[in-house]
Structures are given as structure tokens and as C-alpha cells.
Amino acid sequence: MNKQVLVIGGGPAGLEAAGQLENLGYKAYIVEKSDKLGGHLLKWDRLFPESISAAETLQKLLEPVGHITTFLDCTVVSVSKTGEHFSVQLSNDATLNVSAIIVSAGFSLFPAEKKEEYGYNIYNRVITSADLEDFFKTGSDSRIQNPKSVGFVHCVGSRDEKACNRQCSKVCCITAVKQACEIKEQYPDADIYCFYMDLRMYGRGYEDLYLEAQSKYGIRFIRGRVSEVAEDETGKLVIKAEDTLSSKPLKITLDLLVLMVGMIKNADNENLSSLLNTRLGDDGFFQSASPILRSTEGEIAGIFFAGASTGPKTLPESINEAKASALAIHGYLSKQK
Amino acid sequence: MIDFGYSLTSSSRISLDNINQKKLKKITAVEPDFLKCMACGSCAASCSAGNFTKVNLRMVILLLNRGMEKEAIALIEGCMLCGKCTLVCPRGINTRNLIINILKIYKEV
Amino acid sequence: MPATLFKTFKDIIADCLIHVQIFKKNILLGYMHFSIAFGWFMLILVGHIEVMIYTPQRNGVLYYPVFFRYFVMETHETLRGSFFFFLMDLSLLLVLTGIGLAIYKRFHSRILGMRRTTKLRLGDKIALYSLWAIFPLRLLAESFTANISGGSFLTISINHLLNAFVTNPDHILPVWWGYSWALGLFLFALPFSRYMHIPTEILLIVLRNAGIKSSVSRDGYAESEIYSCSRCGICIDACPMTSKKRNIKFSSVYFIRLLRRRSTESLATADKCLMCNKCVDACPVGIDSTRLKLLKRQEMHVRSRTDYEYLQSIENKIDATDSVLYYAGCMTHLTPAIYKSLFKILKSANIKYTFLDIDGSICCGRPLFMSGDKESAKELINKNRELIRSSGCKTLILSCPICYKFFKEEYKLDGIDIVHHSVYINNLLTSGNIKLHKGIGSFVFHDPCELGRGSGIYNEPRELLSAIGIVKEASQEKNLSICCGGSLGSLTLSFSEREQIAKSSLNSLLTNNPDKLITACPLCLKSFSTYNTIPTRDIAQIVSENLI
Amino acid sequence: MIFNGKQRIWSEYQKEIPDDHYFYVRSCIRQNFFPASEKTFLDIVQNRLGLDFFETEHHTTCGGIAYHSDSIPQETLMTIVARQFALMTDAGYKNYVASCITSFGIYTETLETWRHYPELETKVRESLWKATKREFNKPEYLAHASDVIYKLRDRIATASVNRLVNKKTGEPLKVVEHIGCHYSKMFPSKGVGGAEYPYVLTGMIEAWGGEIIDYPERRHCCGFGFRQYLVKANRGYSLSNTHKKFESMKPFKPDMIITNCPGCPYFLDRWQYVISEMEGKTYGENSQGIPVFTYEEVAGLVLGYDPWDLGLQIHQTGVEPLLDKMGIIYNKADKYKL
């Protein structure tokens, strides 16, 4: 019988890993805690930097996993390792005996309410990047009413020790630039501002999009973190920040404020890591055996990682890591008798 | 009016609500490169005039975007138009045309 | 004075009738212009002679010589005129060959050495088509009447031919009408068309030789230049901006047309120009369009928006009484290899030098001047002049041709020898102060606009380079050299447009596969080294590397 | 404004406020600025609501003004604080209530400092012993007097004679609440409702029928800022900050301002006069100024105290138009009675 591998988390990394493992001749099981495969990709409309359709991308990721056994609305309850085998009990009472486990449990979005000063869920016209992406996808959000001025706040819940997240979430800078261009396309008369601390345009095509955002879409970038948000008497948002390039406090009235919520650890990472007997880093993401040479492998033989379970990653990074992880499992299982 | 020996101090705060969008649109129309600045400071670092006085194109672009026109003009009227900034600008901004037009649009003579 | 008069007469003959300048560019194109201009001139001249000789009573009647064959019947006297008949037919043939070429040129301009010609406007078209029509119609008309009023080898032959088809003499009249109309139409359209250059160019030559220069873009001299433009379009091909068919509308011919029509768009065209002067060099009429553009800029750019108060606080502390003075200028500060190499050469020649702007330059003022702000430029000139004068130097070396041209022309530093470093180094070589190692490497020399066309220095750099290696030719060099694209002359040219120009210039420079591209301008050095596939060096660099 | 969102935040910042038996300490400057406020407070809690509030004449300044003006170091401050705690311990109380926001901040800061650096507490205990031969227990609960009124807001509402509504129209009054900076900006968890959307005064206003307005500069300092006011050269800066707040609240047309800090009502009140004299600019309905109250004064009005017993005649900005609006009957002549 084929060796079996459990994939924890049915987001892009999990799907890719499961597909690759099947190709390599293993039997993969996917455990997904929500009721749908696809993870955060489900909520995206178009993907940066080239505006590729998220739905089509997900469709392609789902194709090879059609026949893979998938447990939805399901979590891992207990794991015990005997020799080289893991016995995994699931919340639906199923028990799986597998030779390896991939943790592709992903990340959570920072709850924007935690940054009280930004007034998410308090002021009517404050939304998150996820809300905006949903608006692009569905075309409706009662908070977006033909805005004439829109602000984007970068690093909401990222690089913020007070929000208990020191890490950079990697994708928000480019997402903000992408969304700024998209909203400008929908509302060509709107003035659009991005409030940033650093612009991290590290990926291929990111800098081009940034330049296009400036020169083609006229998006204005203000280096400074928004300090507080309030409503004026008409319900418009009054935003305060420091313009650090001119060393002066700055105020602007906006119709819409988009909070670029960061990627944070899953709340249940701690539980999962104790079940798997693995370690978490200070940031609450899973710790791999070595950050450079063995980034997809756990310290315990047979445990592997893919995607944002080991820290914020872009989609192509997660998918590549899933491939790498599948290959690492193949190497590991081939050595077993 | 009573003199109390102290008075209201004007706020140093920038208000983006009150900036002259018309002028900004004008300068963007005559030199679209105005939008391309990423505030690296190469222009100011290499500036011939900046060697002697406080000419700083990077700051001028910023200040105009923040509606601080007078302050911006004070930082550009010493420009000698030598073109070094055009050469060093990593984004190829046509700085000389920008400067000429900033002075034209923003400086009252 | 008689010399000027003689020169003016000679220029008019050479340029207006024979079109020597165009012959130099392309023989066929030259012939086309020559044949029409000279042939028509002969038709008019001989026509008048005929009138004077045969019908002296009609002398002075304007239309008479034009329609001479219509009015005059063949008499015994006309027999004596067979010489003139021959001359007239010959001239007409000359013109017709020219017209033939002109029509052909409309469709295949490349054969006549022109890649692009100007687009015509209505006035031009009316004048052009009527011009085309005049001479064939005249031939036809004169041929019809050749058996009545005489003719020669051309008209008589055609007359015989025609008689075989057309027997009714009434048919003769419409052809004469046609000829008359075509001529009338042409003369009517002339002031509204490019053919205005025919009369105006003579005036321009007279004014130019009298030493008149324009001070605004629409004064008398400027007008004569504007109307003298025949819109031949030679400047379109000359213009570095028009490579890859871009920016043709910004070439000088269209600028002058906009100026003539008093269009406000002329400023945008003036602002775009690189001021490399290639079009001026190529212009067969000798119109200084760069100056017209500069004047336009001066008129339109509001002055005194700059504030150079701070210059006053700069101390005149440089002393160069017993050394040569070197001024790097703004751009050379971005290419320190140039002055470091120059200093190495000067040291090896035991020449003491003082670096005027070691702590940063006050710009020479030419960029401001070219932008149209003459007054502001003066302030920079004054401060620099003060610094140079107070240094007590006798020789001033410049490595930037932009500065060089401006120092030469505007600084009025009498008693100080202003010299570009390429020339200075060459002088060191010829005087034996430095010795160079000659290798087998090959070089192509790019003539910077301001050094070559701008200051007439073509040979010294090449002499110097030939002492180091083999100097190869570029497909367009010396006065035809293509701007590097970095010119400060243009105010509005974008980065990508400049890139195109640099690349097309490199194309020309690298035709003969040189090992290295050598130039003598910090701006050219910067512009080329970005895109060049072979090493780009300043002439000082390559010399210093080959010092013995 | 999404009300649920605020309620959710408020629910996260609830502090434990004991029911009874308080050691009450007065404010240095309030007794000069608004002397009737503390008196009213004690009258309400002791006489009207029958609670146990203990006061001692041995209580001194907490040292806050000297500390914030950089006149004394923190160790001196903490020793002064320790002495106050010793007074409480001697009196047999465990619940410490400060009338002053600055003091509340100082006490919170001192207790937090001792929590993080126990060695400092030991040192302060030694210093106090050396200086006064006193010992102390740290309070079990620390509250600001406004916390107490917040806790009692519904009891006060039940006993209310007047409500914060326009008597004629029945519409709620528009109230600006201003929280002293040192209440929760330093330690958000120590204030009711946290730092961004403090609930302590909002809760009272809601309970007593008013409507809170949330204007853009709500969080901004009143302008006192200690050194900014105390040094005359900086006084324009103090004024400018207050001016900024008024400019920001103006479009919301507030009827009144309620505060819980000694300095804030003083500056929000007095600077209105200064601005009108300096700039010719007045705020409030019919340019009559926006009356500024302490929470005790508002509680007093709600409970039907005579305005002049509440010391409202000491205010710079006249309160009569508001009293009229609320339908409070008062004797005009009594305003100037000693």
C-alpha cells in the first residue's frame, strides 16, 4: 500500500503539497478546519502584481486534488508517533495512520479592531484590505459610496510590538499599491493616499507597479504611520499622521480608510504545535529545523511545513514551498523501508 | 483686543484638505514626472546650488504635495538649472523642466 | 564693402540659382532644385531678352514675356531667334526634368537622399500642384503654337506629333488658358506656401552678409529666415529626435512653420529641441533655427524667478597666479575620472594647476541661458568671472564643452586663454611635454555637440587619439555627429526619448566596430556609458592610461 | 459611528470599582478653581447615597505638579505618595480615591513602577520610615472620583430632578466629554473604557439623558500641560491647543463640556474668554460660550442642587443659558451672594 501523508490545512500550500504528493505516488489526506478548501485565496479577487484572477488560480490548484480524501470542518485532536508512524485522531472521530505530516495551517488576519485608534467597526468608513478585496470580488459594500478620497494605512498589526506582532507581513505593501490602483480605476476622480513606514517592493514586478501607481494613477505616498482616526460632523474621517519626510504633523479628511491588516499566527498554532511536539518561534509561527537549508522540515522526523505556517509569505512563495516540502517528504519516505 | 503678553501660535500641521489641487494638476500636466519622485534624495545630494544654499528638489516636490508652497519656493529659487539632478535621478525625472515650471506656476513675481 | 557685395552676389548665385548646398548633400536632389530654379530663371531671362529684341514696344509689359509665344506670330525676324528658341526649349526641358524628379521625389524621397519630407498644408499643395502643372502645360501650349509662333527641338517635335491628333486650332486656347491659370494660381498661392522662400532667400542672404542678427523671434531678420525656409525637410532627417519616426513634429521645419503661423505651440517645439545644431548645420538656406528657438524661449519664459543672493557670500579665495586654472563645472563633478586623469597628465607634464571649483561649482550659466533665462545666467557669469579674474590665472582649462562654449562666447575673459582639455592635452603632446604609448587599440571619437558644431573643434581630439591607437570613423561624425541624448538644450525631452537618441547615436558610432568609444564631454560620457556595449572613456582618461 | 463597536471596546476596559469605604484625597488646585465640586461630591456620596468616605487633614499634595514641572525627582514623588498611603493605612482603609487626575496618574504610575521595580518600593519604604517613622500598605483598589460617580451614575439617574435634555424640545443636550490625559492615556487598562474611547464620562452623560459628540480633536490635551501654562513664554502654546479643540468641536454645536480633571475645566473655561478678547472669536450658541463643568457639578445639577451652591458662579463662561435650556429654576440675584 502507498505511504500516506496528512496535510493539515487546505489553503494554497496544502492543496499544492497534496497534489504534488499524489504525483509522487503517495496517498494524501487534507484536513481543513473551515468548510471550504482554498484558505485565504478564496477571499481574493485579483492577485498582485499582475492582476491574475484569484478564482482561476484557485481553480487550477483544486484540479489535481479532486480525488484526494478531504476532511472539511475538521481539526486534529491528537497525534501519537510510534516509530516512523503517526497515528492521528481527527475531530470527526476518524483515525489516520500516516508516515508524514505537512503543517500548512497558514496564518490569520490581524483583527483590525485591536488597533482601537483606527476605529475599525467604530467609524462607518473604515474598512480592512480584506473588506476591500471582498468589495472588488462582489462589487458591493455599503461603506464604499463613491469615495472622493481614500487612504490606505500600511502595517496595521504588522511591525507593531504593541499589537504583539513584530514581523513584517510582506504582502501588505504591494497589496495596498494594487488595491490603490484598482480603486482609482473604479473611482477615477478619487484622490488616493498611502500611509507607509517603509515601502517593501521586493518582488519581481512590484517596483513597476509602485511606479505605475505613482505616475499613471497619481497615488500619493506619505511616509508616516497614521496615529488616530476620528469622524467629523459630516461623518467623514479625519486622519492624523506625521509626515516624516517633512517632519510635520499632518491631517487629512477622507471618505474611506483602508487598513492593510497583516498576517499573524493562528490562535491554535500553540495547540497544534504541542500535539505535534514541534516548536513555535517567538512570533508564534512554526519553527523549522533550519531557516536556510531545511526550512520546510520540522525538528521531529516526519513533520514538514509549507506556506505561511512558518511565517508570512506571498502566494508564489507558499506554493513553491509546498513543492519543496513534497520533495522533502519524498526524500524522507524513500529512505524508509 | 487685549494683549495678554502671549498669543495663539499657528499650527505647523499640514492639512491636505486645503492644498491647491489646481496648481498641482497644472504642474503634473506640464511635467508628469512630478508624480514619479520616490524621495531618494539623489537630487539634493548632488545639487550644485545645494552646496552653497538650501536648494533641495526632493523636499520641494514633497512640500508642494503638502501644500506648503512658500516653503517650497524658498528651497528651489536658488537652483542654477545645471541639470546634475536629471543625471542622477534613478527614475529619470526631467527635473529641469519640473523646476522651471514649479517656479513659473508657484512663484509670483 | 565691395567684398561683402561680391560675396552676397556670389552667395545668391550659388545658393538661390545653383543650390550648391543641396548638391553637396545629394546630387540628384541638388539637380532637382538647380534645374527648376535655374531653368525657370533662364526662361524668364531669355523671355525678356526675346521681348526686348523682337517686340521692344512691349518691353515692360509684365505678362508679355510669359505668354510671348501666344502673342507673337512667326515672322522673318523670328528666324533670327532660332537661337533663343533653342535656349528656351532647353531651359524648359531642364525645368521639366526637375519637375519630373520632384514628382518622383514625392513618392520615393529616399532616392534623392531624403528619408522623410515635410507634410504639406493646403497652401503648399495648391502651390505645388500648380507648379507641377505650369511647365507641362507651357510645353503643351507652346507646342500647339510652335507651328505658328515658332519653336525649337522640343516644341516643334511635339507640334508635329500633336498635329496628327488635334487639327482644330480652337483646342489650342484651353491649353494656353490652363498654363495661364496654373501660373496665376502658383503666384497667388506663393505667399501662403513654402515657395515664399524663392524671393525671401535673396533678402536673407543680403541681410546675413550685412551682419544683421535677430534679437527677438519675429523681428525683420527672423522674418526673413522664417520665410526663407523652403520646408525641404532636410532638417527632419538631421534631427536626432526623429529616429524611429518619433517626434518628427518637433523638428525645425515644423517649428519655423509654427512660428510663421504665430502659433502658440511653437514654444513647446522650441522647448523640446536638444539645441545640438545639427539641423542648422544641414540647412541649405542657412537658417539658424536654434537661435530662433532660443529667442522664443527667452520671450516666453518669465525671468527673475531665481534668487542667487547666496552667491555673494562665496569668497574669492582662489589664487592661480602661477598656475593654470581648472574649472570642472557641475557635470564633471559627476565624472571625477575626467579631472583625476587630467591632473595626472598635467603632473606628468610638470604643469602646476589650481582646481577652481574643488568644493563644488557655480554653474557656468549655459543651461540657464539655453532655458531662455538670460538674465539669471548673467548673475552666474558675473560670479564665476569674478572668481576667475581674482585668481589671476592666464590659462583656464575646461573639461565640459558646455561650459567651454559659454566661457568662450559670453564670459569676456580677455587676456585669459580659455581652452578645452582635449585641445590642451593635444598641445602638450605636440609640444613634447607628454609622451604617449601607441597601441593597437581602436577608437571612435564622438564629437560632443558643443565642442564640434558648437565650437568647431574636430581635429585636435582625433590627432591626440591617433597618437594612442587607431581612430575609426563613425557613420555620422564631425559636423554630422548625433547628440548623445543628454543635451541640456532640451527642456521637455523625457528620459525614454533621450534613451532612444543615445542608442541611435551609439549605432552610428559603433558602425566600424571600435574597441572603445571616446568622447570629451562629461555629459556624453554619462549618457553613453549607460547603454554602450563597449567601454566609454573620456579623452583625458584614455590619454592618462597611455602616458609614458 | 457604529455604536456596537464602541460598546465592545468599553466591555474590554472595565475596571473593578469597590462599592464602599473609601479613603478620599482632594486635589490641590481644584479647591481653588472649583471649590464646590469636591464638597458636592462628598455631599452626594455621603449624605445622598450614604456611603463611607474618609478624609484626613494630614493629606498633602501628591507632588504631581512639581514632578511634571521637573522640580522634584521621581523618588521624592514616590515618598510623598507613600506617606499618603500610610495615612490611608493608619485610617484603616484599603480603597484609595483621588479627586485629581494628575494624582490618579501619579498613584497609578507609582504602583506600576513598584510592580516592575520592587527594589524601588523597598527603598521608598526605607526613606519614608527614616523621614516620618511611618509604614504603609498599598491600596487594594485605586479609583478616580469620577470612577465612583460612573459607578453610581444609575443611582443618580434614578434620583434625578433634571436631565441633560432641552426642556423645550425634549432633545438630548449635545455634550463634549473631556478626559484628563493622565486618566487613561498612560495606562489604558486603568481607566473605564480605555484610552481611545474612554467611557467614564460618556457613561454618566448617557445615563443622565445627554448625547455625546465625538469630534476629531476629542483626544487632544486641553492645553494645560503644566510647563506649557506655567511658563509664560509657553502660554500661547497652551492657548493654541485649547483653540484647536474648540475649532474642532465647533461644527458639532455642543451645548456643554464635561470634564474629570482639575486643569481641563479651568483652561477650557478661561481660555474661551482669552480667545474672545484676543481674537474676537466666541463659541457656542449665540456666541455665549460653551459652559464647562466638572462631573460633580453636572451630577449636582442632575440631582437638583442649586446652581450657586455648586459654585457655577465662579465659571468664566456663563452657565445661565444652559440652565435655562435644561429648565433649571434659579435665582439670578443669588449668583453674587457670598
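Proteins come first, then strands; the chains are lettered A, B, ... in the order of their sequence lines, and each starts at number 1.
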(message) Under a 4.0 Å threshold between the charged nitrogen and the carboxylate oxygen, would D:Glu217 count as salt-bridged to A:Lys240?
(response) yes

(message) Keeping D:Gln288 on the side-chain end and D:Gly284 on the backbone end, is there a donor-acceptor pair under 3.5 Å?
(response) no

(message) Filter on salt bridge (Lys or Arg N to Asp or Glu O under 4.0 Å), then keep only pairs touching residues 179-191 of chain D, sequence neighbours left out; what's left?
(response) D:Glu112-D:Lys190

(request) For D:Asn166 and D:Glu171, test the side chains for any donor-to-acceptor distance below 3.5 angstrom and give the result as yes or no. (result) no

Would you list the atom pairs, donor with acceptor, under 3.5 Å between side chains in residues 224-236 of chain D and any protein atom, with sequence neighbours excluded?
unit_1, atom_1, unit_2, atom_2, d
D:Arg227, NH1, D:Asp70, OD2, 2.9
D:Arg235, NE, D:Tyr229, O, 2.9
D:Arg235, NH2, D:Tyr229, O, 3.3

(message) According to ring pair (Phe, Tyr, Trp, His ring centres under 6.0 Å), who are the partners of A:Phe195, at least two apart in sequence or on a separate chain?
(response) none

(message) Using a 4.5 Å heavy-atom cutoff, which residues in residues 248-260 of chain A come close to chain D?
(response) none

(request) Heavy-atom pairs under 4.5 Å with chain A are the metric here; pick the option from D:Met249, D:Arg8, D:Arg218 that has the most. (result) D:Arg8

(message) Using heavy-atom distances under 4.5 Å, tell me whether A:Val229 contacts chain D through its side chain, its backbone, both, or neither.
(response) backbone

(message) A cation-pi test, strictly: NZ or CZ of D:Arg219 under 6.0 Å from the centre of the six-membered ring of D:Tyr197 and no more than 45 degrees from its axis. Yes or no?
(response) yes

